[in-house]
Structure formats: structure tokens, C-alpha cells
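Here's the structure we're looking at; comments come further down.
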Amino acid sequence: MSKEITPRAEDYSRWYQDIVLRAELADYAPVKGCMVIRPYGFAIWEKMQAILDRKFRDTGHVNAYFPLLIPESFLRKEAEHVEGFSPECAVVTHAGGAKLEEPYVIRPTSETIIWSMYRKWIQSYRDLPLLINQWCNVMRWELRTRLFLRTTEFLWQEGHTAHATEEEAEREARQMLEVYSEFARSTMALPVIEGLKTDREKFAGAVRTYTIESMMQDRKALQAGTSHNLGQNFARAFEVTFLDQDGERKLVWATSWGVSTRLVGALIMAHSDDRGLVLPPALAPLEIVIVPIYRSDEERGLVLEKAEQIRRELAGKHTVKLDDREQFKPGFKFSEWEMRGVPLRLELGPRDVASGQVVLVRRDTGGKESVAVESVSSAAGMALQEIQQGLYKRALAFREENSVKIDGYGELKEFLARDGGFALVHWAGDSADEERLQEETKATIRCIPLSQEKEAGRCVMTGKPSNGRVVVAKAY
RNA sequence: CGGGGCGUAGCGCAGUCCGGUUAGCGCGCAUGCUUCGGGAGCAUGAGGCCGGCGGUUCAAAUCCGCCCGCCCCGACCA
């Protein structure tokens, strides 16, 4: 195995691929388009799960599990939904040595099977709201795959809720978008723009799709999470009604929302560098690694004793590992842990032991400082906080540097063809105009930001009056 | 589906054009000694149906045909 990672500047996708493989986050599986998520990568996903799951529970949701296989006819019940998903569905036609009466679709998402059950479970307004989430795998037969960012099978969570009123469903969709964006910012150190998808970009079967959009280091946009207001589309398709307080039978209102293992890809592309993975402490499987340095057996004894003492002290508050492997030199260990994105490294050698100090090295900036052994715990805690915040600030600054207001179509095309980034443009076009935009620039409207100042202007494509800007960018 | 590339040891590759002993090199792996503050050195060793099937030939990693798989870039998507 080569020691080098392809530099970002040389080949961005190779760089990304190198990091995923060399940091042992994932590996290619024997099945086309599928990956094996290796223990180190899975540990990151598990941390994401733990934090998100807690947030879902705190907002009143409960977990459940629905089948992997969905009767094909279910998918057809919602017109837009079937149109959107059919092309990418894998279908099971045989089982038990015989052809099936009705084929099963391997779930690309679970709205249909869940709403078939909600029909049984919902009768009265007292059964609402119904707030269920499931953690599972789904399968979408994509033409082109990339580790974590787009694989044929992926892991995600999908929340599916049923409500008595339109307002409540809308509030739920917005609330979960908020949960996602707070998670992205605080935990992933990933700045995101909350916004609304255009009709062309919305979820197949939704009335409205909300999104959080982030910028990767190649200036392309990545959708990091979505939340949908499904209106009554699925309730109508599956005839899910309830008897309201006023004695009237009504269709229920629905939402669904999800984030996937794609977030691991977002994490990599947002923060990492040419030395390897960079992880925010909040999601790092290992926050601190201690690398001992010694020559003689005598030094080894002294250093390891002190290192173990430090490890024990830190272990109460942080995940910490003492790398006492004999077969590797310190230099090798430095590189290896940098490759794997461990936020903080403590170097401890004979000189440090003698002076009662330890060297603390930050993964994000490479900055080194010596601290007294007595204060290592507080210094490490502080450094981790600074890294978490520093990563966010750096990513935010990058996004801002690469976001520009553009008012002319020619200028927009030039911007997208050159360095690219987020173009903030006035828009009043329709779906056909949007299609033209994509054909001519390879970019799409990523979202209509939810929070922005009203500003009168003219649509960059049609010249029609507009009072707000949209984000246009090339996307993953 | 279009364009490009690749399949030879765990990984990265050379060898293929122009067929010919026992198929090489680097890394990694195993053992031992010396090393250890930024990817250590030496010695010894293990490890190959040369992607698959068929053909040509005295002889195929190498030539011919068919097939399979994977990666990258584009069109579709989270």
C-alpha cells in the first residue's frame, strides 16, 4: 500500500477515495455499487446515530421496524412516487424455488409499506400524532456510485409521521429540518443552508421538500438531509382517515424525513486535508491518542508508566488510546493517526517526562504546544472544543468565500464554468427554465433559502421580477 | 447507457508490442538483531490455476475469439 494520498488539488475524487480506503472507513464489496462499512467508519455512523436518535426521542418520536420487502403494487398507489422510484428499484421475483405471485420491491424508502400499516393503526384523532422513526437499509439502483456519497445499498433513518392538521404536519417537517441543521452545525461542524426545494427537485410524492445544503471543499453542493411535508398524498393513496373531534372523517396529514450514511461522506469532504481524514471531536471514534517515545528499556519503562497515568486520567472524560505498539516508530504512528483523523495527539518522550510536560498536537491546524502534565486534562478538553469550533468556522469561511451574488445569466454561466461555488441569484422561472439552466450550466437550484432578506430583483434567466435569491450550484 | 482505464502474490506495479528455462520488482507479512522526538536498517523466509472459457502452436501471462468483473469521467439520483 502506498503511503501517499493523492492531493486534493491534483484529483479531488481520487483524494476522497484514498481517504475512505486508507483510513479504513469502507472498502469495495464484491457487489457492484456496494461497500463494506469497516469498523472505523461504522463507529462514526454509530456516533451519528446515537446523537440523532436522542434528538428524535427528545422530540417525541419512537423507533420501529418495517419489512425490507414491499409488494410492488404498494409502490404504484401514489402516482408521483412510483414514477420517481421505479427506475431505481431492485425487484425480487423468485423465492422458495418458485416465481412469486406478486413481485416484491426492495425498499428504496418506506412510505408505502408504512402507510399501509398506518391505515390499520389510525382511527381517531386520539391516535394522532403518530411519530415513528426507523433505522434501516434501503436500496436504490444508481447508475453511478461513490463510497458513502451514493451507494446502491445505504443505511439511513426515515421518520414517518401522521398528523390531524396541515399546520401540525408543516410544523413537524420544519422542526425536523431544524434538528438536522442543528446536528450538522454542532456535531458535524458542518455549516448548512436550510431551504426549500423547487418542484423539480422535490421528493417524489411530497408537497414540499425542505433540505439542508452544504458546500464541500471542491465547492460543490451536497444535500445533507431532507424533510418532507407530504400533505395528504399518501393518506389518500392508502385511504388513511380518522374521525376528528368534530365528528367528521378526515384524511391525515403526513411528513417524512431522513439522513443517511452519506453524512459520513459529507464529513470527509468538508474537513479533511492532504494528510488524511479530519474529524470533529464530537464524532471521532477516538478523540485522543497518546504516542510514547523512547530508546532504551529504561526510558521505555519511565515513559510508558507516565503515559498510562495520563491515559487513565483522560479516560474518564474522553475516548483515549495509548499506542504502545512496539513494532512501529513514533513517526509512523503520527502519520497513521493523522490519516485516521484523530483530533488530538499527545506526544510523550523522556525529555517531557523529565520536565513534567507533554506535547499536545492538534489535527486540524497541526499546532503543537507543551503543557504541564498536571493540566493535561483541562488543556485537552479545551483543545478539543477549539477544534470542534475551529472546523465549523473554517468550513463556514470557505463557504462564504465561495458564495457570490450574481445578477446576469452570462456571468452565472462563467462563474459555474470557472471555479464554481454557490451562486445566489434571483429566480422566477418555471421547471422548463430550470431544466435549461441545468443543461447549459450543469448546475441546479439547490434550494430557496428559508432565511434571507427580501430584495427586489429580476430573474437571472427570465428577467421576471423576483423578491428573493436561490442557491445555484453543481451538486453531488 | 456513452467515453476512458484496468484485471499478474495481501496492496501497488513491470513483463504482453516481438510466444521459449524455475514469472519479476517495491510495499506489506513472518522470524531475528540493531533502531525509536515525523512514515527505520540489515539478514533470512513464506506467499502466484498471470480474471474466466475456448482456439492457434512443439510451446501462451504474451497471439486470436468470446465472456465476466471492477474503477474513473459524463447523463439520472440522497
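Keep in mind that what you see is a predicted model, and the values were worked out from it rather than measured. Below, chains carry the letters A, B, ... as their sequence lines are ordered, and counting in each starts from 1.
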task = Return the set of residues passing ring pair (Phe, Tyr, Trp, His ring centres under 6.0 Å) with A:Trp135 (not counting sequence neighbours), or none when no residue passes.
result = A:Trp45
Just the table, please: protein N/O against nucleotides 2-9 of chain B N/O, every pair under 3.5 Å.
none

ask   = Is the A:Trp156 ring parallel, tilted or perpendicular to the A:Phe154 ring (thresholds 30°, 60°)?
value = perpendicular
inquiry  = Given 3.5 Å as the limit, does a donor-acceptor pair link the side chain of A:Ser227 with the main chain of A:Ala173, or not?
reply    = yes
note = Under a 4.0 Å heavy-atom cutoff, the residues of residues 287-306 of chain A touching RNA chain B are A:Ile293, A:Tyr294, A:Arg295
ask   = Strictly by modelled atom types, are A:Gln438 and A:Arg200 linked by a side-chain donor-acceptor pair under 3.5 Å?
value = yes
task = With sequence neighbours excluded, tell me which residues meet salt bridge (charged side-chain N to carboxylate O under 4.0 Å, His left out) with A:Asp352.
result = none
message = Could you tell me how far B:rC50 sits from B:rG7 if I compare only their P atoms? Round to whole Å.
response = 15 Å
remark   = Re B:rG74: Watson-Crick or G-U wobble partner, both distances kept under 3.5 Å, found to be B:rC1
note = Contact check, residues 268-283 of chain A vs RNA chain B, heavy-atom distance under 4.0 Å, returns A:Arg275
key: Under-4.0 Å salt bridge between A:Glu414 and A:Arg418   = yes
key: Close side-chain approach of A:Glu24 and A:Arg22, heavy atoms under 4.5 Å   = no
key: B:rA60 and B:rG41, which share atom name P, separated by this distance in whole Å   = 41 Å
message = Using a 4.0 Å heavy-atom cut-off, does A:Thr109 contact any base of the nucleic acid, only the sugar-phosphate backbone, or nothing at all?
response = nothing
message = Per the side chain to side chain donor-acceptor pair (under 3.5 Å) rule, what does the pair list look like for residues 202-213 of chain A, sequence neighbours excluded?
response = A:Glu80-A:Lys202, A:Glu170-A:Arg208, A:Glu170-A:Tyr210, A:Lys197-A:Glu213, A:Arg208-A:Tyr210, A:Thr209-A:His228, A:Thr211-A:Glu213, A:Glu213-A:Arg446
query = Paired with B:rA46: which nucleotide, if any, by Watson-Crick or G-U wobble criteria at under 3.5 Å for both distances?
reply = none
query = C1' atom, B:rG69 versus B:rU8: distance in rounded Å?
reply = 16 Å
Complementary nucleotide for B:rG37 - Watson-Crick or wobble, under 3.5 Å = none
query = Could you give the CZ-to-C1' distance, from A:Arg146 to B:rC76, as a whole number of Å?
reply = 15 Å
Selected nucleotide, minimal atom distance to A:Phe334 side chain, candidates B:rG38, B:rC73, B:rG39 = B:rG38
query = Within the side chain of A:Arg394, is there an N or O that forms a donor-acceptor pair under 3.5 Å with the backbone of A:Asp364?
reply = yes
inquiry  = Tell me the interatomic distance from A:Phe85, atom CZ, to B:rC76, atom P, rounded to whole angstroms.
reply    = 17 Å
task = May I ask you to check whether A:Glu78 and A:Thr112 show a side-chain donor-acceptor distance below 3.5 Å?
result = no
Close residues, residues 430-443 of chain A, relative to RNA chain B [heavy-atom separation under 4.0 Å] = A:Gln438, A:Lys442
Residues forming a side chain to side chain contact (heavy atoms under 4.5 Å, CB included) with A:Glu369, sequence neighbours excluded = A:Leu360, A:Val371
query = Rounded to the Å, how far apart are A:Lys474 NZ and B:rG74 C1'?
reply = 12 Å
ask   = Sequence neighbours excluded, which residues qualify as salt bridge (charged side-chain N to carboxylate O under 4.0 Å, His left out) partners of A:Lys474?
value = none
query = Does a distance-only test, which skips hydrogens and angles, find a donor-acceptor pair under 3.5 Å between the side chain of A:Glu338 and the base of B:rG38?
reply = yes
inquiry  = If the cut-off is 4.0 Å, is A:Tyr28 near the phosphate of B:rC72, judged by side-chain N/O to OP1 or OP2?
reply    = yes
ask   = Would you call A:Glu194 and A:Glu178 a side-chain contact if the rule is heavy atoms closer than 4.5 Å?
value = yes
query = Given that both distances must come in under 3.5 Å, which nucleotide forms a Watson-Crick or G-U wobble pair with B:rA61?
reply = none
Atom C1', compared across B:rC42 and B:rG38: separation rounded to whole Å = 22 Å
key: Test item: A:Arg185 side-chain N/O and A:Val192 main-chain N/O as donor-acceptor pair under 3.5 Å   = yes
Heavy-atom pair with the smallest gap, counting every atom of A:Val460 and A:Leu412 = CG1-CD2, 4.2 Å
ask   = Which nucleotide, in any strand shown, forms a Watson-Crick or G-U wobble pair with B:rG10, with both distances under 3.5 Å?
value = B:rC27
message = How many whole angstroms separate atom CD of A:Glu336 from atom C1' of B:rG38?
response = 14 Å
request  = Please report, rounded to the nearest Å, how far the P atom of B:rC76 is from the CD atom of A:Glu83.
outcome  = 15 Å
request  = Could you tell me whether the side chains of A:Ser296 and A:Glu298 share a donor-acceptor contact shorter than 3.5 Å?
outcome  = no
query = If you measure from the P atom in B:rG10 to the same atom in B:rC58, how many Å do you get, rounded?
reply = 35 Å
task = Identify whether any heavy atom of A:Leu149 sits under 4.0 Å from a base atom; if not, whether one sits that close to sugar-phosphate; answer base, sugar-phosphate or nothing.
result = base
request  = Determine, stepwise, if the pair A:Met216 / A:Tyr12 fulfils side-chain contact (heavy atoms from CB on, under 4.5 Å).
outcome  = CA-CA 11 Å; A:Met216 302 293 98; A:Tyr12 192 83; 4.0 Å; yes
task = Give a yes/no answer on whether the side chain of A:Arg144 brings an N or O atom under 4.0 Å of OP1 or OP2 in B:rA75.
result = no
request  = Test A:Asp274 against A:Ile5 for side-chain contact (heavy atoms from CB on, under 4.5 Å), laying out the working first.
outcome  = CA-CA 6 Å; A:Asp274 288 349; A:Ile5 291 176; 5.7 Å; no
request  = Please work out which residues in residues 342-376 of chain A have a non-hydrogen atom less than 4.0 Å from an atom of RNA chain B and list them by number.
outcome  = A:Arg345, A:Glu347, A:Gly349, A:Pro350, A:Arg351, A:Asp352, A:Val359, A:Lys368
ask   = Which part of the nucleic acid does A:Glu142 contact within heavy-atom distance under 4.0 Å: base, sugar-phosphate only, or nothing?
value = base
inquiry  = Checking side-chain polar atoms at under 3.5 Å, does A:Arg57 have a donor or acceptor matched by the opposite partner on A:Asn133?
reply    = no
Residues in salt bridge (charged side-chain N to carboxylate O under 4.0 Å, His left out) contact with A:Arg275, at least two apart in sequence or another chain = A:Glu338
query = Between the side chain of A:Arg107 and the main-chain N/O of A:Pro67, is any donor-acceptor distance below 3.5 Å?
reply = yes
ask   = Rounding to the closest angstrom, what is the interatomic distance between B:rG24 and B:rU16 at atom C1'?
value = 14 Å
request  = Using atom CD of A:Glu88 as one end and atom C1' of B:rA75 as the other, report the distance to the nearest whole Å.
outcome  = 15 Å
key: Nearest-nucleotide pick for A:Gln17, side chain only, options being B:rG39, B:rC36, B:rC72   = B:rC72
ask   = Distance between the P atoms of B:rG54 and B:rC70, in whole angstroms?
value = 23 Å
Under 3.5 Å, which protein N or O atoms sit close to an N or O of nucleotides 41-43 of chain B? Give each pair with its distance.
none

request  = For B:rU21, give its Watson-Crick or G-U wobble partner with both distances under 3.5 Å, or none.
outcome  = none
task = Look at all strands and tell whether A:Thr211 reaches a base, only sugar-phosphate, or nothing, counting heavy atoms closer than 4.0 Å.
result = nothing
message = When the P atoms of B:rA9 and B:rC25 are compared, how many Å lie between them, rounded to an integer?
response = 14 Å
